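Worksheet for the structure shown next.
Below, chains carry the letters A, B, ... as their sequence lines are ordered, and counting in each starts from 1. The structure presented is a predicted model; accordingly, all values stated were derived computationally and were not measured.
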Amino acid sequence: MKMAKRVTLYITIFLFAGIGLAPVVVMFFKSLFVDGGFSLENYGVLFQSNREWTLLFNTLVLAGATTFITVLLGVPLGTLFAKTDLPFRRFFAVLFIIPLLIPSYILAVAWFYCMGRSGIVASLLGETAGIVTSNFLFGFAGTLFVMVSALLPIVIILTMTYLRMVNQDMEEAGRIYSSWPVVLRKITLPLISPGIALGALITFVLTLGEFGVPSFLRFDVYSVESFTMFSAFYDFSSATATALPLGIITIVVLIIERLFLRKKTFVSRTMGLEKKKAVVPLGKYKPYFLIGVSILVFILVVVPLCVLLCKSLSLSAYVEAFARSAGSIMRSLLYASIGASCLVIFGFLLGYILDRKALRLHYAVDSLAVFLFALPGAVIGIGLSNLWNTSGTNFIYASIPIIIFGYIAQYTALGERIMAATFPHVSHSMEEAAQIAGAGWYRRVFKVLVPLVKRGMIATWLICFIFCLRDIGITMMIYPPAHDTLPVRTFTLMANSPDNIISALCVIMVMITLLPLCGLGLVRKYVT
Amino acid sequence: MIVKIENVTKAYNKTPVIRGVSLGIEKGERIVILGPSGCGKTTLLRMVAGFIHPDKGKLVIEGKTVADNGKCIIEPEGRQVGMVFQDLTLWPHMSSYKNIEFGLKAKKIPKTEIREQIDSILEKVQMIQFRNAYPGDLSGGQQQRIALARALVTRPKILLMDEPLSSLDTDLRGVLMREILRLQEELTITMIYVTHDREEAFSLATRIVVMKEGEIQKTGTVSQIKEWL
């Protein structure tokens with residue numbers, strides 16, 4: 001019985017390493033050989049070139065600035081939504097989360113329609129205004145602005161989640177002596193600092209690997225360079241070499257994460273029945289906060305969405321968009337569904353290993369999953385192409401599995417971490433009771449564990465579905481001919497299609513992302 | 001009378017948890033509110049602290065109305081109370097010293113005086129050697145001593161204790177109970193202590209208030225309550 005468990009878990013690790021780690025390792029070793037002999041030429045060129053240093057600088061500055069501003073805005077917003085009596089706070093929270101559901105470059109497209117040389121601003125305020133806004137948009141400032149609006153939801157969600165876990169007694173112990181602002185600053189925020197750090201880390205690595213926005217807004221960063229080397233020049237070795245700095249930065253960031261987050265114990269977490277959470281009264285400042293949040297949500301969320309809607313507001317645009325992308329829409333839904341389902345299985349088993357420390361390798365497996373999640377999609381894509389683009393493995397490289405492999409490689413950490421956070425709610429004794437009753441491991445899994453963690457599994461599926469659906473970094477690199485997804489289709493059509501059709505495609509993208517969420521909402525409403 | 005609770009009621013989602021409770025507490029008394037889980041004893045204590053406001057009725061502390069008919073007049077930080085919670089609620093990111101310092105800093109006491117007061121209270125709870133330790137390094141009993149020091153250091157008029165010993169083992173509970181009695185007498189603080197444990201109530205109280213289903217069933221001295229029970 002014990003054997004079945006160990007074998008299953010080891011096979012899972014082996015499969016995950018084969019799908020995720022092997023491409024990266026093979027890619028790295030291949031880049032060390034030039035014309036059949038060992039050479040560091042690719043890396044020599046990399047470190048001697050001024051352009052590479054500029055790219056490195058741009059990448060780091062963009063990731064750093066995005067992280068800084070996102071945390072600066074996201075933590076107060078998350079606190080306002082989770083802890084105060086701000087009117088419409090739930091509605092605001094939902095609005096702020098919408099950008100996370102759609103590929104970041106769609107926001108860039110929306111802002112281009114608004115602030116481009118012949119955009120809405122130019123048509124309202126004149127050509128000069130259009131030039132000014134266009135100059136702002138194309139370059140560092142515009143890329144930073146779009147990245148902040150795209151990734152702000154991550155910090156808001158994590159802040160809200162961690163705030164809900166704070167033991168209210170700890171805050172009340174502070175309220176005996178001080179007012180809410182002091183308690184929030186000195187007690188609550190330090191208690192949720194691991195959550196804030198996690199938000200910062202995710203924001204940093206996602207910006208590091210972002211390809212769509214910098215590429216569209218013409219801001220040179222490493223992920224764009226890797227993609228160009230690969231797709232335009234078909235230069236595997238240089239593409240790999242340009243991916244190396246991103247890999248190194250990722251490892252450094254992960255080491256920092258391990259040092260900072262792993263040492264923190266979440267003693268503030270309340271288990272069992274929770275008391276009604278204390279609400280911080282905003283008092284006379286309520287209207288000011290309301291106005292501030294309204295302005296922010298209007299700029300960051302309402303404007304881009306309205307621009308897309310307005311631009312696409314004709315039936316013919318949608319008919320044309322569907323005609324051009326019906327296949328891509330179906331493929332997107334299919335691939336994201338398959339990907340999310342595979343990720344639930346990997347997440348379940350690897351999350352089990354991590355939470356129950358079921359194997360000695362648990363720490364290494366978690367590190368690998370997080371490393372691959374942090375690695376830019378373009379890098380994983382290049383690795384997968386490198387490994388599977390051979391005559392013997394063409395059946396994988398030229399069909400759906402290569403895309404699913406990409407999703408598994410990049411997003412397993414999401415499933416693993418969500419499931420690892422779900423398993424503590426199921427006491428070890430539940431499983432042990434089934435074991436004593438004579439149930440084998442598979443029976444224990446299907447009859448005890450799965451029913452008890454099914455809500456976590458549904459959450460994992462939904463989150464992974466959204467990430468697979470909006471993915472462009474990996475899919476762009478590896479999609480086989482006639483297997484393009486909607487984000488890729490939209491991205492490639494952008495160069496030579498009318499604005500209204502691109503806008504319609506973007507709106508369709510938003511709609512199909514919201515589809516499973518609405519479905520789940522309806523199921524919950526009518527089933528429970 | 002240091003605390004006066006006048007005909008107080010409180011309901012959650014239309015379910016009453018406190019039904020017209022009135023109680024007067026004299027200065028220096030050790031009141032123990034005794035009752036089973038869900039009888040409303042913690043709600044009553046949290047009302048005195050200012051975390052919950054009564055829907056109806058009035059709460060007076062030291063002659064000042066602090067809450068009146070659903071309205072909070074004085075916030076918790078202005079009520080001059082100290083509180084020890086049921087769970088170990090020391091702030092994990094602060095050392096013992098910093099935990100105790102928090103309340104004194106809020107009172108804007110000079111640094112040198114703060115240091116003296118902290119050392120003095122740490123000696124009183126016999127934890128001076130742990131002044132720089134973090135909560136994670138302390139045992140349950142040690143943490144509760146620091147929590148007691150944190151509650152007492154600001155010299156509150158009333159000390160509120162919400163089943164502070166329930167998470168500790170029997171031996172340690174006995175030791176800490178004696179400790180609490182000694183400190184309360186030494187500092188002459190009014191104490192309101194909530195528990196469901198009869199023995200704890202009999203050991204600590206000068207007066208016991210027995211609660212059931214949101215109402216006061218009986219109030220009396222230890223011997224009166226023993227007889228009644």
Side-chain angles (χ1 to χ4, degrees), chain A residues 75 83-85 159 162-198 259-286, chain B residues 12-13 17 37-38 42-43 45-46 48-53 72 75-94 98-109 134-138 143 146-148 150-154 156 158-160 162-164 167:
Chain A
V75 173
K83 282 210 79 77
T84 70
D85 59 351
T159 304
Y162 275 74
L163 279 173
R164 288 196 181 113
M165 293 197 296
V166 169
N167 182 348
Q168 199 187 313
D169 284 347
M170 288 202 182
E171 290 176 325
E172 288 182 347
R175 283 286 287 127
I176 293 275
Y177 312 106
S178 287
S179 58
W180 265 118
V182 179
V183 171
L184 284 176
R185 194 159 39 87
K186 293 200 168 172
I187 295 168
T188 312
L189 290 182
L191 284 175
I192 64 157
S193 60
I196 298 170
L198 186 63
L259 289 175
F260 185 69
L261 292 180
R262 281 289 162 131
K263 281 187 178 174
K264 295 267 179 181
T265 50
F266 300 107
V267 286
S268 58
R269 188 172 288 172
T270 47
M271 302 298 273
L273 285 173
E274 291 193 21
K275 283 187 230 166
K276 200 178 170 197
K277 290 284 171 197
V279 174
V280 182
L282 292 173
K284 60 180 178 179
Y285 298 107
K286 201 186 279 184
Chain B
Y12 289 122
N13 301 325
V17 285
S37 298
T42 297
T43 306
L45 192 80
R46 288 162 58 80
V48 177
F51 301 133
I52 298 172
H53 312 308
C72 175
E75 291 284 332
E77 69 268 27
R79 294 190 181 191
Q80 288 189 294
V81 296
M83 188 160 177
V84 183
F85 294 81
Q86 184 176 3
D87 300 320
L88 304 169
T89 55
L90 292 182
W91 302 305
H93 58 289
M94 295 184 195
K98 290 276 175 194
N99 259 280
I100 301 168
E101 188 192 38
F102 185 87
L104 295 172
K105 263 192 164 177
K107 285 190 158 188
K108 297 195 168 75
I109 294 170
Y134 278 80
D137 305 324
L138 302 173
Q143 286 194 46
I146 297 293
L148 194 58
R150 185 176 70 182
L152 291 171
V153 77
T154 52
I158 307 152
L159 178 63
L160 308 172
D162 184 9
E163 305 201 45
S167 57

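Pairing each heavy atom of A:Ser178 with each of B:Glu77, the nearest pair is N-CB, 3.5 Å. Contact between B:Phe51 and A:Arg175 at its shortest, heavy atoms only, is CE2-CB, 3.7 Å. In terms of heavy atoms, B:Arg46 sits closest to A:Asp169 at NH1-OD1, 4.1 Å. Shortest non-hydrogen contact noted between B:His93 and A:Leu191 is ND1-CD2, 3.8 Å.
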From CA spacing to verdict: side chain to side chain contact (heavy atoms under 4.5 Å, CB included), A:Thr188, B:Trp91: CA-CA 9 Å; A:Thr188 312; B:Trp91 302 305; over 6 Å; no
**Prompt:** Yes or no on side chain to side chain contact (heavy atoms under 4.5 Å, CB included) for B:Arg150 and A:Tyr177, after CA distance, side-chain angles and deciding distance?
**Reply:** CA-CA 10 Å; B:Arg150 185 176 70 182; A:Tyr177 312 106; 4.0 Å; yes
Does the pair A:Ile176 and B:Phe102 meet the rule for a side chain to side chain contact (heavy atoms under 4.5 Å, CB included), with working shown? CA-CA 10 Å; A:Ile176 293 275; B:Phe102 185 87; over 6 Å; no
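Residues satisfying the salt bridge (charged side-chain N to carboxylate O under 4.0 Å, His left out) test with A:Lys83, not counting sequence neighbours, are A:Glu171. Among residues two or more places apart in sequence or in another chain, the salt bridge (charged side-chain N to carboxylate O under 4.0 Å, His left out) test is passed with B:Lys107 by none.
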